[in-house]
Amino acid sequence: MLFEDILIIILKAVDGERTVSSPYHLLKGKKSGQTIQDIGYYKLHPYFGILPKLEKKVYDKAVQKLFDKGFIIPDGQVVRMSEKSLAYQPTAPSVNGWKYRGNEQVFMARLSLIVQTLSHIHQNHRVFDPVVIADDVQQWVKSYLHRMDYRNEESCRNLKAEIAGSLSKAEVDDSAKKIVLQRLSGYKVGGLTWEQIAAIENKEVIDIRLQAIEALHTWMGIIETEDYPLLKVLLDGLIQKSSLTETARRTESYFKNGRSLEEIAALRGLKTSTIEDHFVELAMNDPGFDILAFMGGALYSKIIAASRSQNTKRLRDIKEIVPEASYFQIRLALATKGEIK
């Protein structure tokens, strides 16, 4: 799985309708109204926030390669896919950024410290430099180790068996699983850095990181749904239970209590445009969202018809066809999952 392939998948989805920077904000997990909106419009949930520390220079370098290879071409302020890129069908990675929101890194930090601690303790070495220095992770791991009875060798064997058994079920390349294991440290064994693994595999660091993320997402899915009690605890607090962002959930609670958009903005001390973003997010994720609170059924139908006839989700293009609709109403209509009767 290559970073360039993910860029092609995202750019294909927004072909000719977004700037070349839109995938960057998506991959970083930017919680702006535009990015959240694009996730819903173009079904890009898997890629949201999978690279929160993505450097702009790394992104720009990859994009330039796509230009150089003739995969994308500029078109004013947007980019379009070339015939070459449209013919290319990269394999979509097994990632779920919207669900995990970067928490696979917390899972890995917990696991790394647990493995390192148990490895040293069972070699009678209680003093070592922890691989994770974050206080919240250290405190969580201390509590976990006491609960699992870390002095009991059978408990340790059971944990090892769960790791081996669950990871073997993850349907990703063995090379991706190997990367995750290479990151772990133990007694007299240091985990490898991203750069060291990339050098060994003769790949870009970002591609190695993406392989690890794919392995972790797939592995966490196995742990969540199957019977691995010792590992399942490591997922505590890491699984996104709601499809909404936290701030949108707060707006939703006010709306369900009968508050208007303007009242919610005043109560929360936020701009009206920010609350509009929340309503668009609600419309994207809740099939029962009452869009008729903001427009009539006839206007909704005109907006949808304009979008389909022009094969576009660009607000400006739809506004020209349906000038009586506000940009907010257009965004809501495009986002809604329900059908207006």
Side-chain angles (χ1 to χ4, degrees), residues 1-9 23-24 27-29 46-47 49-66 90-97 100-120 128-134 137 141 159-160 162-223 231 234-235 238:
M1 179 183 65
L2 300 176
F3 182 47
E4 287 183 19
D5 286 345
I6 289 179
L7 290 184
I8 290 172
I9 290 171
Y24 175 73
L27 293 166
K28 289 271 290 184
Y47 310 105
I50 61 172
L51 292 170
K53 295 182 180 179
L54 176 61
E55 295 181 355
K56 190 64 163 59
K57 63 181 180 181
V58 174
Y59 177 81
D60 289 341
K61 179 181 177 182
V63 168
Q64 188 58 53
K65 283 185 178 180
L66 294 182
T91 301
S94 298
V95 293
N96 196 335
Y100 294 116
R101 310 281 175 94
N103 282 329
E104 71 278 350
Q105 302 305 324
V106 181
F107 169 82
M108 189 63 184
R110 291 174 176 177
L111 179 66
S112 297
L113 189 53
I114 289 167
V115 169
Q116 183 194 27
T117 304
L118 291 176
S119 174
H120 280 80
F128 57 90
D129 294 325
V131 292
V132 180
I133 61 174
V137 175
V141 169
L159 176 61
K160 183 178 180 180
E162 285 192 17
I163 292 172
S166 58
L167 190 55
S168 69
K169 291 184 178 182
E171 295 183 357
V172 293
D173 288 343
D174 287 343
S175 59
K177 300 176 189 179
K178 181 181 176 182
I179 291 169
V180 171
L181 296 177
Q182 286 175 314
R183 295 281 293 164
L184 298 175
S185 296
Y187 177 67
K188 293 188 176 181
V189 178
L192 300 183
T193 66
W194 297 115
E195 290 75 16
Q196 288 171 329
I197 299 173
I200 293 169
E201 300 296 330
N202 193 28
K203 292 181 179 180
E204 296 288 341
V205 170
I206 194 166
D207 292 328
I208 293 296
R209 293 180 72 99
L210 283 169
Q211 280 189 274
I213 290 168
E214 183 176 26
L216 287 170
H217 283 193
T218 307
W219 189 16
M220 290 167 73
I222 297 291
I223 295 168
L231 281 177
L234 272 68
L235 300 179
L238 305 187

Inset, instruction - Can you measure from NE2 (H217) to CD (E104) and round to the nearest 0.5 angstrom? - result: 3.5 Å
Inset, instruction - With rounding to the nearest 0.5 Å, note down the distance linking CD1 in I213 to CG in L51. - result: 5.0 Å
Inset, instruction - Using a 4.5 Å cut-off on heavy atoms from C-beta on, say whether the side chain of I114 contacts that of L159. - result: yes
Inset, instruction - With rounding to the nearest 0.5 Å, note down the distance linking CD1 in I50 to CZ in R101. - result: 14.0 Å
Inset, instruction - Can you sort out the partners of K56 under salt bridge (charged side-chain N to carboxylate O under 4.0 Å, His left out), two or more places apart, ordered by chain and number? - result: D60
Inset, instruction - Quick one: list whatever passes salt bridge (charged side-chain N to carboxylate O under 4.0 Å, His left out) with D129, sequence neighbours left out. - result: none
Legend entry - Test item: E4 side-chain N/O and A62 main-chain N/O as donor-acceptor pair under 3.5 Å: no
Inset, instruction - With sequence neighbours excluded, give me every ring-ring contact (aromatic ring centres under 6.0 Å, His included) pair touching residues 182-214. - result: H120-Y187, H125-Y187
Inset, instruction - Look at atom CD of E171 and say whether more than 12 heavy atoms of other residues, nucleotides or ligands are closer to it than 6.0 Å. - result: no
Legend entry - Distance (rounded to the nearest 0.5 Å) between R183 CZ and Q196 CD: 9.0 Å
Inset, instruction - Considering non-hydrogen atoms only, spot the tightest contact between S112 and L184 and give its length. - result: OG-CD2, 3.6 Å
Inset, instruction - Decide yes or no for L181 and L167: does some side-chain heavy atom of the first lie under 4.5 Å from some side-chain heavy atom of the second? - result: yes
Inset, instruction - Look at the side chain of S185 and the backbone N and O of G190, then say whether any donor-acceptor pair between them is shorter than 3.5 Å. - result: no
Legend entry - Pairwise side-chain contact, L7 with L2, heavy-atom cut-off 4.5 Å (strictly under): no
Inset, instruction - Name all residues meeting the side chain to side chain contact (heavy atoms under 4.5 Å, CB included) criterion together with K160; count only those two or more places apart in sequence or in a different chain, and write none if there are none. - result: none
Inset, instruction - Could you please spell out the steps behind the side chain to side chain contact (heavy atoms under 4.5 Å, CB included) verdict for F107 and W219? - result: CA-CA 11 Å; F107 169 82; W219 189 16; 4.0 Å; yes
Legend entry - Heavy-atom side-chain proximity of L192 to I200 below 4.5 angstrom: yes
Inset, instruction - Measure the spacing between CD1 of I179 and CD of Q211 and express it to the nearest 0.5 Å. - result: 4.0 Å
Legend entry - Main-chain N/O of S94 paired to E214 side chain as donor or acceptor, under 3.5 Å: yes
Inset, instruction - May I ask you to test the I6-L210 pair for a side-chain heavy-atom distance under 4.5 Å? - result: yes
Inset, instruction - Not counting sequence neighbours, which residues clear ring pair (Phe, Tyr, Trp, His ring centres under 6.0 Å) with Y47? List them please. - result: none
Legend entry - Nearest non-hydrogen partners of E204 and A198, listed with the distance: C-CB, 4.2 Å
Inset, instruction - Check A215 against V180 and note the closest heavy-atom contact, atom names and distance. - result: CB-CG2, 3.8 Å
Legend entry - CD1 on I163 to CG on L111, rounded to 0.5 Å: 5.0 Å
Inset, instruction - Measure from the side-chain N and O atoms of S119 to the backbone N and O of V115, and report whether any donor-acceptor pair falls under 3.5 Å. - result: no
Legend entry - M108 versus L216, closest heavy-atom pair with distance: SD-CD2, 4.0 Å
Legend entry - F3 vs Y59 side-chain heavy atoms within contact, under 4.5 Å: yes
Inset, instruction - Grab the two heavy atoms, one from S166 and one from L231, that are nearest each other, plus how far apart they are. - result: OG-CD1, 3.4 Å
Legend entry - Q105: partners by side chain to side chain donor-acceptor pair (under 3.5 Å), with sequence neighbours left out: none
Inset, instruction - Report the residues that fulfil salt bridge (charged side-chain N to carboxylate O under 4.0 Å, His left out) with K61, sequence neighbours left out, ordered by chain and then residue number. - result: none
Inset, instruction - Report the residues that fulfil side chain to side chain contact (heavy atoms under 4.5 Å, CB included) with P52, sequence neighbours left out, ordered by chain and then residue number. - result: none
Inset, instruction - For side chain to side chain contact (heavy atoms under 4.5 Å, CB included), just list the numbers for L66 and I8, CA-CA rounded to whole Å, side-chain angles, deciding distance to a tenth of an Å, and then say yes or no. - result: CA-CA 8 Å; L66 294 182; I8 290 172; 4.0 Å; yes
Inset, instruction - Return the set of residues passing side chain to side chain contact (heavy atoms under 4.5 Å, CB included) with T117 (not counting sequence neighbours), or none when no residue passes. - result: L113, I121, F128, L145
Inset, instruction - Check salt bridge (charged side-chain N to carboxylate O under 4.0 Å, His left out) between E162 and all other residues, then give those that pass, not counting sequence neighbours. - result: none
Legend entry - Check: R110 and L238 side chains under 4.5 Å, non-hydrogen atoms: yes
Legend entry - Note, P46 side chain near N96 side chain (heavy atom, < 4.5 Å): no
Inset, instruction - Identify, with sequence neighbours excluded, every residue that meets side chain to side chain contact (heavy atoms under 4.5 Å, CB included) alongside K28. - result: Y24, L54
Inset, instruction - Quick one: list whatever passes side chain to side chain donor-acceptor pair (under 3.5 Å) with S168, sequence neighbours left out. - result: none
